[in-house]
Number of protein chains: 2
Amino acid sequence: MKLISQLAREANIPIGTIRFYEKSGLISGMTKKDVTSNNYVYYDDEVTEKLRFIKMAKAVGFTLAEIKQVIDAWYQKELTKASKMEVLNLKLEQIDTKIRELKAMKKQIKLCKSNIENGLSR
Amino acid sequence: MKLISQLAREANIPIGTIRFYEKSGLISGMTKKDVTSNNYVYYDDEVTEKLRFIKMAKAVGFTLAEIKQVIDAWYQKELTKASKMEVLNLKLEQIDTKIRELKAMKKQIKLCKSNIENGLSR
DNA sequence: CACAAGTATACAGTATACTTCATACTTGTG
DNA sequence: CACAAGTATGAAGTATACTGTATACTTGTG
């Protein structure tokens, strides 16, 4: 159980961004009901995991809306088993497509490199 | 040599988006100097290739600014051989990083799937 | 040769993902 | 106990990448 600044440090994500993610429904912390003097929000390690996942998924071009779908499939959210599976299977396909595209780009860039090395303008 | 509508069809990218890319300096067509009655812009196959590359790169999370750097390294643009190589090598590294992230996501999602199948909450 | 369809240009508007700002309350430290 | 640092909230602002609208000119077709 940690406050937002510690969470931000652990996940290496700005506090403002974390607040934005929380408002967007991607993550959620909890207020301790026995603490009445403030409304500070506490986060557990599950949130840290989610943030790491969000970071990776964003880096490979998934939108927050897509990421939210996966997170909701992951951590229940009153979805049927079937609909969760549907979301996850779709993501697996999209991931494979992205891997293929990255490999194609790699090939193209390597070709470009050897062209430059051989002094070809192309 | 084709006009923008044919280019849009071939690359399967909206005309408006192509115009936006041209204004952003990612691609460029040419006006035929022997045609004086209009200022229609013509595009060759190189542009089609570039658009395909842009599409792939965008799909895996590269920004237009990053893509422009690669395209500039690709198609001269008064850059030194060394600086082109620097750009391309950096991109190759980033691509490998993205592939690693995608594989990690794949693993995580598969784990999640088997958890759901076994009736585990997570 | 009327007229639908294509092309160019400029500018405003939209969606996504933050980022900054202002305000106000709370907590830890010397 | 003053006061710097942390936390919460709401609203406005920014950057990126389009998307749509308006206007005007050009071209191809019956």
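Residue numbers start from 1 in every chain, and the chains themselves are labelled A, B, ... in the order their sequence lines are given, proteins ahead of strands.
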Next item on the list: Give the rounded distance in Å between these two atoms: CZ of A:R19 and C1' of C:dT23.
Entry: 13 Å

Notebook entry, point to check: Rounded to the Å, how far apart are B:I4 CD1 and D:dT27 P?
Noted result: 16 Å

Margin query: Which is more 5' along DNA chain D, the nucleotide nearest B:L64 or the one nearest A:K23? Just name the residue.
Written below: A:K23

Note to self: Distance check, rounded to the nearest 0.5 Å: A:K91 atom NZ versus A:W74 atom CH2?
What the structure shows: 13.0 Å

Notebook entry, point to check: Under a 4.0 Å N-O cut-off, is there an ion pair linking B:K84 with B:D72?
Noted result: no

Notebook entry, point to check: For DNA chain C, whose closest nucleotide is more 5', that of A:K58 or that of A:S37?
Noted result: A:K58

Margin query: Any strand counts, and the cut-off is 3.5 Å on both contacts for Watson-Crick or G-U wobble. Which nucleotide pairs with C:dG30?
Written below: D:dC1

Note to self: Out of the candidates B:I18, B:I54, B:L51, only one should pair with B:L26 under the side-chain contact (heavy atoms from CB on, under 4.5 Å) rule; please name it.
What the structure shows: B:I54

Margin query: Can you see if the side chain of B:Y40 gets near the phosphate of D:dC25 - specifically, an N or O under 4.0 Å from OP1 or OP2?
Written below: no

Margin query: Rounding to an integer number of Å, can you tell me how far A:L26 CG sits from C:dC18 P?
Written below: 9 Å

Next item on the list: Looking at every strand, decide which applies to A:Y42 at a 4.0 Å heavy-atom threshold: base, sugar-phosphate, or nothing.
Entry: nothing

Margin query: If I take atom CD1 in residue B:I13 and atom C1' in nucleotide D:dA17, what distance separates them, rounded to the nearest angstrom?
Written below: 13 Å

Checklist line | Interatomic distance, A:I15 CD1 vs D:dA8 P [rounded to whole Å] | finding: 9 Å

Note to self: Against the six-membered ring of A:Y43, is A:K50 placed for a cation-pi contact (under 6.0 Å from the centre, within 45° of the normal)?
What the structure shows: no

Next item on the list: Round to the nearest Å and state the distance from A:Q6 atom CD to D:dT7 atom P.
Entry: 10 Å

Item checked: Closest-nucleotide 5' rank along DNA chain C - winner of A:P14 and B:R9 -> B:R9

Note to self: Without decimals, in angstroms, what is the distance between A:N38 CG and C:dA24 P?
What the structure shows: 19 Å

Check: Is the distance from OP1 or OP2 of C:dA17 to the nearest side-chain N or O of A:T17 less than 4.0 Å?
Finding: no

Check: Would you say the side-chain atoms of A:K58 pair up with the backbone N or O of A:I67, donor to acceptor, closer than 3.5 Å?
Finding: no

Margin query: Within the 4.0 Å heavy-atom criterion, would you say B:T63 contacts the bases, only the backbone, or no part of the nucleic acid?
Written below: sugar-phosphate

Margin query: Is there a side-chain contact between A:S5 and the phosphate of D:dT7, meaning an N or O under 4.0 Å from OP1 or OP2?
Written below: yes

Next item on the list: In whole angstrom, give the distance that lies between atom CZ of A:F20 and atom P of D:dT7.
Entry: 21 Å

Next item on the list: Scan every strand shown for a Watson-Crick or G-U wobble partner of D:dA11, both distances under 3.5 Å, and answer none if you come up empty.
Entry: C:dT20

Check: DNA chain D: B:N39 or B:F62, which has the more 5' nearest nucleotide?
Finding: B:F62

